[in-house]
There are 2 protein chains.
Amino acid sequence: MKNSSTPQGDLSAQIAASIRDAIIAGDLIVDARLPSEAELSEQFKVSRPTVREALKRLAAQALIRTQRGATGGAFVNHLKYPDAYDQQITTSTLLLSMNEVSIATACEARFALERACTRLSAERRSPDHLATMRAEMFRQSQPGLSDEAFCASDVAFHRALVDGAQNPVMSYQLAGAVEAMQPLMNMITFTARSREKIVALHGQIADALEAQNAANADDALTELEAYTISLAKDVLDARAHR
Amino acid sequence: MKNSSTPQGDLSAQIAASIRDAIIAGDLIVDARLPSEAELSEQFKVSRPTVREALKRLAAQALIRTQRGATGGAFVNHLKYPDAYDQQITTSTLLLSMNEVSIATACEARFALERACTRLSAERRSPDHLATMRAEMFRQSQPGLSDEAFCASDVAFHRALVDGAQNPVMSYQLAGAVEAMQPLMNMITFTARSREKIVALHGQIADALEAQNAANADDALTELEAYTISLAKDVLDARAHR
DNA sequence: GATTTTTATATGTCTGACAATTGATTTTGA
DNA sequence: TCAAAATCAATTGTCAGACATATAAAAATC
(Lines give C-alpha, C1' and ligand atoms only; values in the text may rest on other atoms or scores of the structure.)
Protein backbone atom coordinates (compact mmCIF):
# COMPACT_ATOMS: atom_id res chain seq x y z
CA MET A 1 0.00 0.00 0.00
CA LYS A 2 2.79 2.40 0.90
CA ASN A 3 6.48 2.71 0.37
CA SER A 4 7.72 1.10 3.51
CA SER A 5 10.87 0.15 1.62
CA THR A 6 12.68 3.46 1.91
CA PRO A 7 13.16 4.47 5.51
CA GLN A 8 12.52 8.17 5.70
CA GLY A 9 12.67 10.99 8.14
CA ASP A 10 13.55 10.99 11.78
CA LEU A 11 14.25 7.91 13.78
CA SER A 12 11.06 8.44 15.74
CA ALA A 13 9.10 8.63 12.49
CA GLN A 14 10.69 5.43 11.23
CA ILE A 15 9.98 3.60 14.46
CA ALA A 16 6.41 4.84 14.50
CA ALA A 17 5.97 3.68 10.91
CA SER A 18 7.41 0.30 11.77
CA ILE A 19 5.01 -0.23 14.66
CA ARG A 20 2.12 1.17 12.66
CA ASP A 21 2.77 -1.29 9.87
CA ALA A 22 2.84 -4.12 12.38
CA ILE A 23 -0.55 -3.04 13.70
CA ILE A 24 -2.09 -2.70 10.25
CA ALA A 25 -0.64 -6.04 9.16
CA GLY A 26 -2.20 -7.65 12.21
CA ASP A 27 1.10 -8.68 13.80
CA LEU A 28 0.00 -6.73 16.83
CA ILE A 29 -3.59 -7.45 17.67
CA VAL A 30 -5.98 -5.29 19.61
CA ASP A 31 -5.10 -4.88 23.29
CA ALA A 32 -1.71 -6.47 22.74
CA ARG A 33 0.91 -4.88 24.94
CA LEU A 34 3.92 -3.40 23.25
CA PRO A 35 7.32 -3.92 24.83
CA SER A 36 8.16 -1.33 27.46
CA GLU A 37 9.88 1.84 26.38
CA ALA A 38 13.16 0.52 27.77
CA GLU A 39 12.84 -2.70 25.76
CA LEU A 40 11.87 -0.84 22.61
CA SER A 41 14.86 1.44 22.94
CA GLU A 42 17.06 -1.66 23.11
CA GLN A 43 15.37 -3.33 20.15
CA PHE A 44 15.59 -0.27 17.93
CA LYS A 45 18.95 0.81 19.31
CA VAL A 46 17.77 4.28 20.19
CA SER A 47 17.27 6.19 23.38
CA ARG A 48 14.08 6.23 25.36
CA PRO A 49 13.10 9.82 24.42
CA THR A 50 13.23 8.80 20.78
CA VAL A 51 11.04 5.79 21.45
CA ARG A 52 8.66 8.01 23.36
CA GLU A 53 8.37 10.44 20.47
CA ALA A 54 7.48 7.51 18.24
CA LEU A 55 4.83 6.30 20.68
CA LYS A 56 3.33 9.78 20.94
CA ARG A 57 2.97 9.87 17.18
CA LEU A 58 0.97 6.66 17.33
CA ALA A 59 -1.06 7.89 20.28
CA ALA A 60 -2.00 11.00 18.28
CA GLN A 61 -3.59 8.74 15.69
CA ALA A 62 -5.37 6.76 18.39
CA LEU A 63 -3.46 3.64 17.36
CA ILE A 64 -2.17 3.00 20.88
CA ARG A 65 -3.04 4.02 24.40
CA THR A 66 -0.67 4.13 27.34
CA GLN A 67 -1.11 3.29 30.97
CA ARG A 68 1.17 4.02 33.86
CA GLY A 69 1.99 1.71 36.68
CA ALA A 70 3.30 -1.77 37.31
CA THR A 71 1.20 -3.54 34.69
CA GLY A 72 1.11 -0.49 32.46
CA GLY A 73 2.62 0.10 29.08
CA ALA A 74 1.51 0.87 25.56
CA PHE A 75 -1.38 -1.17 24.21
CA VAL A 76 -2.79 -1.47 20.74
CA ASN A 77 -5.94 0.57 20.90
CA HIS A 78 -9.30 -0.64 19.77
CA LEU A 79 -10.07 2.13 17.28
CA LYS A 80 -13.69 3.04 17.88
CA TYR A 81 -15.99 5.09 15.73
CA PRO A 82 -15.87 8.24 17.90
CA ASP A 83 -12.06 8.28 17.71
CA ALA A 84 -12.23 7.94 13.96
CA TYR A 85 -14.94 10.62 13.74
CA ASP A 86 -12.79 13.14 15.58
CA GLN A 87 -9.81 12.53 13.35
CA GLN A 88 -11.90 12.71 10.22
CA ILE A 89 -13.56 15.94 11.26
CA THR A 90 -10.29 17.63 12.20
CA THR A 91 -8.65 16.59 8.96
CA SER A 92 -11.63 17.46 6.78
CA THR A 93 -12.07 20.84 8.41
CA LEU A 94 -8.44 21.80 7.92
CA LEU A 95 -8.44 20.43 4.40
CA LEU A 96 -11.33 22.68 3.46
CA SER A 97 -9.95 25.76 5.19
CA MET A 98 -6.47 25.38 3.74
CA ASN A 99 -7.18 24.50 0.14
CA GLU A 100 -9.37 27.32 -0.98
CA VAL A 101 -12.19 24.92 -1.65
CA SER A 102 -15.15 26.88 -2.89
CA ILE A 103 -18.35 26.58 -0.98
CA ALA A 104 -19.96 25.32 -4.16
CA THR A 105 -17.51 22.43 -4.44
CA ALA A 106 -17.83 21.50 -0.79
CA CYS A 107 -21.62 21.70 -0.94
CA GLU A 108 -21.76 19.63 -4.08
CA ALA A 109 -19.74 16.87 -2.44
CA ARG A 110 -21.63 17.01 0.79
CA PHE A 111 -25.12 16.88 -0.66
CA ALA A 112 -24.20 14.26 -3.23
CA LEU A 113 -22.96 12.04 -0.43
CA GLU A 114 -26.01 12.78 1.67
CA ARG A 115 -28.28 11.79 -1.18
CA ALA A 116 -26.44 8.48 -1.17
CA CYS A 117 -28.03 7.91 2.23
CA THR A 118 -31.63 8.73 1.47
CA ARG A 119 -32.62 5.37 0.00
CA LEU A 120 -31.31 3.47 3.00
CA SER A 121 -32.49 6.07 5.47
CA ALA A 122 -36.01 6.08 4.05
CA GLU A 123 -36.07 2.34 4.45
CA ARG A 124 -34.55 1.99 7.90
CA ARG A 125 -34.86 5.23 9.87
CA SER A 126 -36.21 4.65 13.35
CA PRO A 127 -38.77 6.83 15.16
CA ASP A 128 -35.80 8.13 17.13
CA HIS A 129 -34.16 9.53 14.04
CA LEU A 130 -37.37 11.19 12.94
CA ALA A 131 -37.86 12.64 16.42
CA THR A 132 -34.35 14.06 16.41
CA MET A 133 -34.98 15.73 13.08
CA ARG A 134 -38.24 17.27 14.27
CA ALA A 135 -36.61 18.46 17.47
CA GLU A 136 -33.78 20.14 15.59
CA MET A 137 -36.29 21.75 13.23
CA PHE A 138 -38.11 23.15 16.24
CA ARG A 139 -34.87 24.53 17.61
CA GLN A 140 -34.06 26.06 14.25
CA SER A 141 -37.34 27.94 14.15
CA GLN A 142 -36.82 29.53 17.57
CA PRO A 143 -36.27 33.28 17.25
CA GLY A 144 -33.13 34.70 18.81
CA LEU A 145 -31.04 31.71 17.91
CA SER A 146 -27.47 32.67 17.02
CA ASP A 147 -26.14 31.82 13.60
CA GLU A 148 -23.64 29.43 15.18
CA ALA A 149 -26.34 27.61 17.10
CA PHE A 150 -28.45 27.45 13.96
CA CYS A 151 -25.57 25.85 12.06
CA ALA A 152 -24.88 23.40 14.87
CA SER A 153 -28.52 22.36 14.86
CA ASP A 154 -28.35 22.04 11.10
CA VAL A 155 -25.45 19.63 11.47
CA ALA A 156 -27.39 17.63 14.04
CA PHE A 157 -30.35 17.41 11.69
CA HIS A 158 -28.26 16.10 8.83
CA ARG A 159 -26.43 13.66 11.05
CA ALA A 160 -29.76 12.19 12.08
CA LEU A 161 -30.59 11.81 8.40
CA VAL A 162 -27.31 10.02 7.79
CA ASP A 163 -27.54 7.87 10.89
CA GLY A 164 -30.99 6.81 9.78
CA ALA A 165 -29.32 4.59 7.19
CA GLN A 166 -28.19 2.44 10.12
CA ASN A 167 -24.84 1.85 8.52
CA PRO A 168 -22.00 2.84 10.85
CA VAL A 169 -19.43 2.87 8.07
CA MET A 170 -21.52 5.34 6.15
CA SER A 171 -22.09 7.46 9.25
CA TYR A 172 -18.36 7.55 9.78
CA GLN A 173 -17.60 8.54 6.22
CA LEU A 174 -20.25 11.24 6.21
CA ALA A 175 -19.29 12.73 9.56
CA GLY A 176 -16.37 14.52 7.97
CA ALA A 177 -18.35 15.73 5.01
CA VAL A 178 -21.13 17.19 7.13
CA GLU A 179 -19.20 18.58 10.07
CA ALA A 180 -16.36 20.05 8.06
CA MET A 181 -18.87 22.30 6.34
CA GLN A 182 -19.86 23.98 9.57
CA PRO A 183 -17.05 26.56 9.69
CA LEU A 184 -17.90 27.55 6.13
CA MET A 185 -21.60 27.74 6.97
CA ASN A 186 -20.87 29.85 10.04
CA MET A 187 -19.73 32.61 7.72
CA ILE A 188 -23.23 32.94 6.36
CA THR A 189 -25.64 35.32 8.04
CA PHE A 190 -29.03 33.67 8.04
CA THR A 191 -31.92 36.06 7.77
CA ALA A 192 -35.27 35.14 9.25
CA ARG A 193 -36.55 34.43 5.77
CA SER A 194 -33.67 32.17 4.79
CA ARG A 195 -34.03 30.24 8.02
CA GLU A 196 -37.69 29.80 7.31
CA LYS A 197 -36.97 28.36 3.91
CA ILE A 198 -34.29 26.02 5.23
CA VAL A 199 -36.57 24.72 7.96
CA ALA A 200 -39.30 24.19 5.37
CA LEU A 201 -36.94 22.09 3.28
CA HIS A 202 -35.91 20.17 6.37
CA GLY A 203 -39.57 19.51 6.88
CA GLN A 204 -39.89 18.13 3.38
CA ILE A 205 -36.94 15.84 4.02
CA ALA A 206 -38.31 14.58 7.32
CA ASP A 207 -41.74 14.06 5.82
CA ALA A 208 -40.28 12.14 2.90
CA LEU A 209 -38.23 9.89 5.15
CA GLU A 210 -41.22 9.29 7.38
CA ALA A 211 -43.24 8.32 4.30
CA GLN A 212 -40.26 6.24 3.15
CA ASN A 213 -40.16 8.22 -0.05
CA ALA A 214 -36.49 8.50 -0.95
CA ALA A 215 -37.09 10.36 -4.20
CA ASN A 216 -38.83 13.25 -2.45
CA ALA A 217 -36.00 13.46 0.07
CA ASP A 218 -33.54 13.58 -2.80
CA ASP A 219 -35.42 16.44 -4.41
CA ALA A 220 -35.55 18.43 -1.19
CA LEU A 221 -31.84 17.87 -0.64
CA THR A 222 -31.09 19.05 -4.13
CA GLU A 223 -33.14 22.17 -3.58
CA LEU A 224 -31.42 22.75 -0.25
CA GLU A 225 -28.06 22.41 -1.96
CA ALA A 226 -28.94 25.04 -4.55
CA TYR A 227 -30.33 27.37 -1.91
CA THR A 228 -27.27 27.01 0.32
CA ILE A 229 -24.96 27.78 -2.56
CA SER A 230 -26.99 30.84 -3.52
CA LEU A 231 -26.94 32.11 0.07
CA ALA A 232 -23.19 31.69 0.20
CA LYS A 233 -22.84 33.48 -3.09
CA ASP A 234 -24.80 36.45 -1.74
CA VAL A 235 -22.48 36.68 1.24
CA LEU A 236 -19.39 36.61 -0.95
CA ASP A 237 -20.83 39.19 -3.35
CA ALA A 238 -21.75 41.52 -0.48
CA ARG A 239 -18.27 41.12 0.92
CA ALA A 240 -16.72 41.91 -2.45
CA HIS A 241 -18.68 45.16 -2.62
CA ARG A 242 -17.09 46.53 0.53
CA MET B 1 -16.69 21.63 18.66
CA LYS B 2 -14.81 19.84 21.40
CA ASN B 3 -14.37 20.10 25.12
CA SER B 4 -11.28 22.22 25.25
CA SER B 5 -12.40 23.40 28.68
CA THR B 6 -11.21 20.42 30.69
CA PRO B 7 -7.48 19.89 30.32
CA GLN B 8 -6.92 16.18 30.05
CA GLY B 9 -4.13 13.72 29.85
CA ASP B 10 -0.42 14.24 29.73
CA LEU B 11 1.22 17.60 29.48
CA SER B 12 2.35 16.81 25.96
CA ALA B 13 -1.24 15.97 25.00
CA GLN B 14 -2.50 19.22 26.50
CA ILE B 15 0.13 21.26 24.72
CA ALA B 16 -0.57 19.52 21.45
CA ALA B 17 -4.29 20.19 21.88
CA SER B 18 -3.60 23.82 22.64
CA ILE B 19 -1.54 24.31 19.51
CA ARG B 20 -3.99 22.29 17.44
CA ASP B 21 -6.85 24.49 18.57
CA ALA B 22 -4.86 27.56 17.61
CA ILE B 23 -4.30 26.16 14.15
CA ILE B 24 -7.94 25.20 13.65
CA ALA B 25 -9.11 28.57 14.95
CA GLY B 26 -6.85 30.29 12.46
CA ASP B 27 -4.64 31.96 15.07
CA LEU B 28 -1.73 30.21 13.41
CA ILE B 29 -1.96 30.49 9.66
CA VAL B 30 -0.39 28.22 7.10
CA ASP B 31 3.40 28.39 6.97
CA ALA B 32 3.51 30.37 10.17
CA ARG B 33 6.51 29.45 12.26
CA LEU B 34 5.89 28.25 15.78
CA PRO B 35 8.21 29.45 18.53
CA SER B 36 11.31 27.33 18.89
CA GLU B 37 11.20 24.34 21.18
CA ALA B 38 13.18 26.25 23.76
CA GLU B 39 10.72 29.14 23.67
CA LEU B 40 7.72 26.83 23.82
CA SER B 41 9.15 25.05 26.83
CA GLU B 42 9.43 28.43 28.55
CA GLN B 43 5.93 29.50 27.56
CA PHE B 44 4.31 26.28 28.72
CA LYS B 45 6.68 25.86 31.67
CA VAL B 46 7.72 22.37 30.67
CA SER B 47 10.92 20.76 29.53
CA ARG B 48 12.00 20.50 25.94
CA PRO B 49 11.38 16.72 25.65
CA THR B 50 7.79 17.32 26.66
CA VAL B 51 7.40 20.04 24.06
CA ARG B 52 8.94 17.73 21.50
CA GLU B 53 6.45 14.97 22.30
CA ALA B 54 3.67 17.47 21.74
CA LEU B 55 5.12 18.54 18.40
CA LYS B 56 5.50 14.94 17.28
CA ARG B 57 1.83 14.38 17.99
CA LEU B 58 0.99 17.25 15.68
CA ALA B 59 3.46 16.07 13.06
CA ALA B 60 1.78 12.65 13.07
CA GLN B 61 -1.43 14.37 12.01
CA ALA B 62 0.40 16.35 9.34
CA LEU B 63 -0.58 19.58 11.10
CA ILE B 64 3.01 20.79 11.30
CA ARG B 65 6.30 20.06 9.61
CA THR B 66 9.74 20.63 11.08
CA GLN B 67 12.94 21.81 9.54
CA ARG B 68 16.39 21.73 10.97
CA GLY B 69 18.98 24.42 10.71
CA ALA B 70 19.40 28.10 11.37
CA THR B 71 16.08 29.24 9.92
CA GLY B 72 14.37 25.99 10.83
CA GLY B 73 11.65 25.26 13.29
CA ALA B 74 8.11 23.95 13.31
CA PHE B 75 5.78 25.37 10.69
CA VAL B 76 2.06 25.08 10.27
CA ASN B 77 1.72 22.64 7.43
CA HIS B 78 -0.38 23.20 4.39
CA LEU B 79 -2.53 20.09 4.62
CA LYS B 80 -2.72 18.72 1.12
CA TYR B 81 -5.05 16.12 -0.30
CA PRO B 82 -2.47 13.30 -0.40
CA ASP B 83 -1.69 13.79 3.30
CA ALA B 84 -5.37 13.67 4.12
CA TYR B 85 -5.85 10.61 1.90
CA ASP B 86 -3.17 8.67 3.73
CA GLN B 87 -4.66 9.44 7.10
CA GLN B 88 -8.15 8.59 5.96
CA ILE B 89 -7.09 5.31 4.46
CA THR B 90 -5.12 4.24 7.53
CA THR B 91 -7.97 5.13 9.85
CA SER B 92 -10.68 3.58 7.67
CA THR B 93 -8.72 0.38 7.21
CA LEU B 94 -8.15 -0.07 10.92
CA LEU B 95 -11.72 0.88 11.71
CA LEU B 96 -13.00 -1.87 9.45
CA SER B 97 -10.56 -4.50 10.66
CA MET B 98 -11.13 -3.77 14.34
CA ASN B 99 -14.88 -3.42 14.52
CA GLU B 100 -16.08 -6.63 13.00
CA VAL B 101 -17.76 -4.74 10.22
CA SER B 102 -19.42 -7.25 7.93
CA ILE B 103 -18.42 -7.19 4.31
CA ALA B 104 -22.06 -6.55 3.49
CA THR B 105 -22.14 -3.38 5.59
CA ALA B 106 -18.86 -2.09 4.20
CA CYS B 107 -19.93 -2.88 0.63
CA GLU B 108 -23.27 -1.21 1.11
CA ALA B 109 -21.60 1.98 2.29
CA ARG B 110 -18.96 1.95 -0.39
CA PHE B 111 -21.26 1.38 -3.33
CA ALA B 112 -23.87 3.79 -2.05
CA LEU B 113 -21.21 6.49 -1.88
CA GLU B 114 -19.86 5.55 -5.28
CA ARG B 115 -23.30 5.87 -6.79
CA ALA B 116 -23.32 9.38 -5.40
CA CYS B 117 -20.53 10.11 -7.89
CA THR B 118 -22.06 8.68 -11.04
CA ARG B 119 -24.21 11.68 -11.96
CA LEU B 120 -21.30 14.08 -11.74
CA SER B 121 -18.85 11.63 -13.23
CA ALA B 122 -21.09 10.94 -16.21
CA GLU B 123 -21.29 14.65 -16.80
CA ARG B 124 -17.65 15.58 -16.32
CA ARG B 125 -15.36 12.59 -16.78
CA SER B 126 -12.45 13.36 -19.06
CA PRO B 127 -11.04 11.07 -21.78
CA ASP B 128 -8.22 10.44 -19.31
CA HIS B 129 -10.56 8.95 -16.75
CA LEU B 130 -12.18 6.72 -19.35
CA ALA B 131 -8.76 5.63 -20.59
CA THR B 132 -7.68 4.73 -17.07
CA MET B 133 -10.78 2.64 -16.59
CA ARG B 134 -10.23 0.79 -19.86
CA ALA B 135 -6.58 0.21 -19.04
CA GLU B 136 -7.43 -1.24 -15.65
CA MET B 137 -10.07 -3.45 -17.21
CA PHE B 138 -7.44 -4.74 -19.62
CA ARG B 139 -5.10 -5.50 -16.75
CA GLN B 140 -7.89 -7.24 -14.87
CA SER B 141 -8.52 -9.59 -17.78
CA GLN B 142 -4.89 -10.69 -18.03
CA PRO B 143 -4.50 -14.33 -16.99
CA GLY B 144 -2.01 -15.08 -14.25
CA LEU B 145 -2.79 -11.92 -12.34
CA SER B 146 -2.59 -12.45 -8.59
CA ASP B 147 -5.64 -11.80 -6.47
CA GLU B 148 -3.87 -8.92 -4.77
CA ALA B 149 -2.98 -7.32 -8.09
CA PHE B 150 -6.54 -7.82 -9.28
CA CYS B 151 -7.87 -6.05 -6.20
CA ALA B 152 -5.37 -3.23 -6.56
CA SER B 153 -6.46 -2.74 -10.15
CA ASP B 154 -10.07 -2.83 -9.01
CA VAL B 155 -9.33 0.01 -6.60
CA ALA B 156 -7.65 1.99 -9.38
CA PHE B 157 -10.69 1.52 -11.61
CA HIS B 158 -13.08 2.77 -8.97
CA ARG B 159 -10.86 5.69 -8.10
CA ALA B 160 -10.94 6.74 -11.73
CA LEU B 161 -14.73 6.59 -11.57
CA VAL B 162 -14.74 8.76 -8.46
CA ASP B 163 -12.13 11.18 -9.77
CA GLY B 164 -14.25 11.59 -12.88
CA ALA B 165 -16.62 13.72 -10.84
CA GLN B 166 -13.85 16.34 -10.78
CA ASN B 167 -14.62 17.23 -7.21
CA PRO B 168 -11.53 16.92 -5.02
CA VAL B 169 -13.55 16.96 -1.80
CA MET B 170 -15.55 14.00 -3.02
CA SER B 171 -12.40 12.18 -4.15
CA TYR B 172 -10.94 12.70 -0.72
CA GLN B 173 -14.02 11.44 1.07
CA LEU B 174 -14.30 8.41 -1.16
CA ALA B 175 -10.62 7.45 -0.97
CA GLY B 176 -11.14 5.94 2.45
CA ALA B 177 -14.31 4.13 1.49
CA VAL B 178 -12.76 2.53 -1.57
CA GLU B 179 -9.24 1.78 -0.36
CA ALA B 180 -10.22 0.53 3.06
CA MET B 181 -12.18 -2.25 1.37
CA GLN B 182 -9.08 -3.67 -0.25
CA PRO B 183 -7.88 -5.78 2.69
CA LEU B 184 -11.35 -7.28 2.93
CA MET B 185 -11.46 -7.90 -0.81
CA ASN B 186 -8.04 -9.53 -0.71
CA MET B 187 -9.55 -12.33 1.31
CA ILE B 188 -11.69 -13.32 -1.64
CA THR B 189 -10.33 -15.81 -4.12
CA PHE B 190 -11.43 -14.68 -7.54
CA THR B 191 -12.06 -17.48 -9.97
CA ALA B 192 -11.63 -16.91 -13.69
CA ARG B 193 -15.40 -16.78 -14.04
CA SER B 194 -15.94 -14.26 -11.28
CA ARG B 195 -13.23 -12.05 -12.70
CA GLU B 196 -14.89 -12.22 -16.06
CA LYS B 197 -18.18 -11.10 -14.61
CA ILE B 198 -16.60 -8.25 -12.67
CA VAL B 199 -14.74 -7.00 -15.73
CA ALA B 200 -17.97 -7.18 -17.70
CA LEU B 201 -19.69 -5.01 -15.11
CA HIS B 202 -16.76 -2.62 -15.17
CA GLY B 203 -17.29 -2.44 -18.90
CA GLN B 204 -20.92 -1.53 -18.41
CA ILE B 205 -19.91 1.22 -16.01
CA ALA B 206 -17.27 2.62 -18.34
CA ASP B 207 -19.66 2.48 -21.29
CA ALA B 208 -22.37 4.23 -19.31
CA LEU B 209 -20.02 7.00 -18.22
CA GLU B 210 -18.74 7.41 -21.74
CA ALA B 211 -22.33 7.70 -22.96
CA GLN B 212 -23.00 10.07 -20.04
CA ASN B 213 -25.74 7.78 -18.87
CA ALA B 214 -25.64 7.94 -15.07
CA ALA B 215 -28.63 5.65 -14.57
CA ASN B 216 -26.96 2.75 -16.36
CA ALA B 217 -23.80 3.26 -14.32
CA ASP B 218 -25.92 3.16 -11.19
CA ASP B 219 -27.50 -0.11 -12.22
CA ALA B 220 -24.17 -1.71 -12.99
CA LEU B 221 -22.77 -0.56 -9.65
CA THR B 222 -25.76 -2.00 -7.86
CA GLU B 223 -25.30 -5.31 -9.62
CA LEU B 224 -21.59 -5.25 -8.82
CA GLU B 225 -22.43 -4.62 -5.18
CA ALA B 226 -24.75 -7.62 -5.03
CA TYR B 227 -22.23 -9.81 -6.81
CA THR B 228 -19.36 -8.76 -4.54
CA ILE B 229 -21.42 -9.51 -1.46
CA SER B 230 -22.40 -12.91 -2.80
CA LEU B 231 -18.77 -13.75 -3.57
CA ALA B 232 -17.75 -12.77 -0.07
CA LYS B 233 -20.56 -14.86 1.35
CA ASP B 234 -19.31 -17.91 -0.55
CA VAL B 235 -15.83 -17.44 0.90
CA LEU B 236 -17.16 -17.17 4.43
CA ASP B 237 -19.42 -20.19 3.99
CA ALA B 238 -16.57 -22.27 2.61
CA ARG B 239 -14.41 -21.21 5.53
CA ALA B 240 -17.11 -22.13 8.01
CA HIS B 241 -17.29 -25.65 6.55
CA ARG B 242 -13.67 -26.43 7.36
C1' DG C 1 32.94 39.67 -7.24
C1' DA C 2 32.80 34.83 -6.45
C1' DT C 3 34.05 31.22 -3.42
C1' DT C 4 35.12 29.32 0.84
C1' DT C 5 34.98 29.36 5.78
C1' DT C 6 32.95 30.48 9.91
C1' DT C 7 29.21 31.16 12.90
C1' DA C 8 24.75 31.17 14.94
C1' DT C 9 20.54 28.84 15.54
C1' DA C 10 17.60 25.34 15.31
C1' DT C 11 16.14 20.46 15.54
C1' DG C 12 17.67 15.50 16.46
C1' DT C 13 19.52 12.38 19.79
C1' DC C 14 21.54 10.68 24.04
C1' DT C 15 22.43 9.94 29.13
C1' DG C 16 20.92 9.80 33.56
C1' DA C 17 17.95 10.92 36.94
C1' DC C 18 13.70 11.51 39.67
C1' DA C 19 8.46 11.73 40.19
C1' DA C 20 4.06 9.54 39.91
C1' DT C 21 1.09 5.76 39.25
C1' DT C 22 -0.52 1.26 40.01
C1' DG C 23 -0.87 -3.72 40.36
C1' DA C 24 1.27 -7.27 43.02
C1' DT C 25 3.44 -8.76 47.24
C1' DT C 26 4.32 -8.88 51.89
C1' DT C 27 3.41 -7.76 56.40
C1' DT C 28 0.52 -6.85 60.13
C1' DG C 29 -3.40 -7.19 63.23
C1' DA C 30 -7.65 -9.11 64.92
C1' DT D 1 -7.32 -17.74 58.92
C1' DC D 2 -8.51 -13.67 56.71
C1' DA D 3 -8.68 -8.85 55.80
C1' DA D 4 -6.48 -4.48 55.89
C1' DA D 5 -2.35 -1.91 55.56
C1' DA D 6 2.25 -1.17 54.23
C1' DT D 7 5.79 -2.15 50.96
C1' DC D 8 7.66 -3.23 46.56
C1' DA D 9 8.54 -3.34 41.75
C1' DA D 10 7.67 -2.08 37.13
C1' DT D 11 6.37 1.36 34.04
C1' DT D 12 5.27 5.73 32.17
C1' DG D 13 5.77 10.92 32.82
C1' DT D 14 8.91 14.68 33.38
C1' DC D 15 13.14 17.01 33.84
C1' DA D 16 18.10 18.90 33.16
C1' DG D 17 21.96 19.15 30.52
C1' DA D 18 24.76 17.83 26.93
C1' DC D 19 26.39 16.80 22.23
C1' DA D 20 25.46 15.85 17.18
C1' DT D 21 23.81 17.53 12.96
C1' DA D 22 21.81 20.43 9.55
C1' DT D 23 21.33 24.86 7.46
C1' DA D 24 21.18 29.61 6.20
C1' DA D 25 23.37 33.81 6.88
C1' DA D 26 27.55 36.32 7.72
C1' DA D 27 32.38 36.82 7.37
C1' DA D 28 36.69 35.96 5.43
C1' DT D 29 39.47 34.85 1.62
C1' DC D 30 41.13 34.69 -2.97
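Just so we're on the same page: letters track the sequence lines, and every chain starts at 1.
Residue K56(B) places at least one side-chain N or O closer than 4.0 Å to OP1 or OP2 of dG12(C). Between S12(B) and dG13(D) there is no side-chain N or O to OP1 or OP2 distance below 4.0 Å. Listed pair R48(A) / dC14(C) fails the phosphate criterion, with no side-chain N or O lying under 4.0 Å from OP1 or OP2.
In this structure, R68(A) atom CZ and dA19(C) atom P are separated by 13 Å, rounded to whole Å. We find that CD of Q67(A) is positioned 19 Å from P of dA20(C), with the value rounded to whole Å. Note: CZ (R52(B)) to P (dC14(C)) measures 11 Å, nearest angstrom. Nucleotide dA19(C) holds its C1' atom 14 Å from the CG atom of D10(B), rounded to whole Å. Atoms CD (E42(B)) and C1' (dA16(D)) sit 14 Å apart, rounded to a whole Å. Here dG13(D) presents its C1' atom at 12 Å from CD1 of I15(B), a figure rounded to the nearest Å. To the nearest angstrom, C1' of dT9(C) lies 17 Å from CG of L34(B). E53(A) has its CD atom 12 Å from the P atom of dT11(C), to the nearest Å.
Side chains of T228(A) and M185(A) form a contact here, defined as non-hydrogen atoms less than 4.5 Å apart. You'll find the side chain of D31(B) reaches within 4.5 Å of the side chain of R65(B), heavy atoms only.
Counting only heavy atoms from C-beta on, E37(B) has its side chain closest to dG12(C) among dA10(D), dT14(D), dG12(C). Closest contact between the side chain of T50(A) and the listed nucleotides dC14(C), dT14(D), dA18(D) involves dC14(C). Considering only the side chain of T66(B), dG12(C) comes nearest among dA10(C), dA8(C), dG12(C). The A70(A) side chain lies nearest to dG23(C) when the options are dT13(C), dG23(C), dT12(D).
The 12-atom threshold is exceeded at CD of Q43(A), counting heavy atoms of other residues, nucleotides or ligands nearer than 6.0 Å. Dense packing is recorded around OH of Y81(B), with more than 12 heavy atoms of other residues, nucleotides or ligands lying under 6.0 Å away.
Residues S36(B) and P49(A) both approach DNA chain C. Their nearest nucleotides, taken by heavy-atom distance, put S36(B) toward the 5′ side. Of the two residues contacting DNA chain D, namely T71(B) and R33(A), the nearest-nucleotide position lying further toward the 5' end is that of R33(A).
T132(B) places a side-chain N or O within donor-acceptor distance of the main-chain N or O of D128(B), the cut-off being under 3.5 Å.
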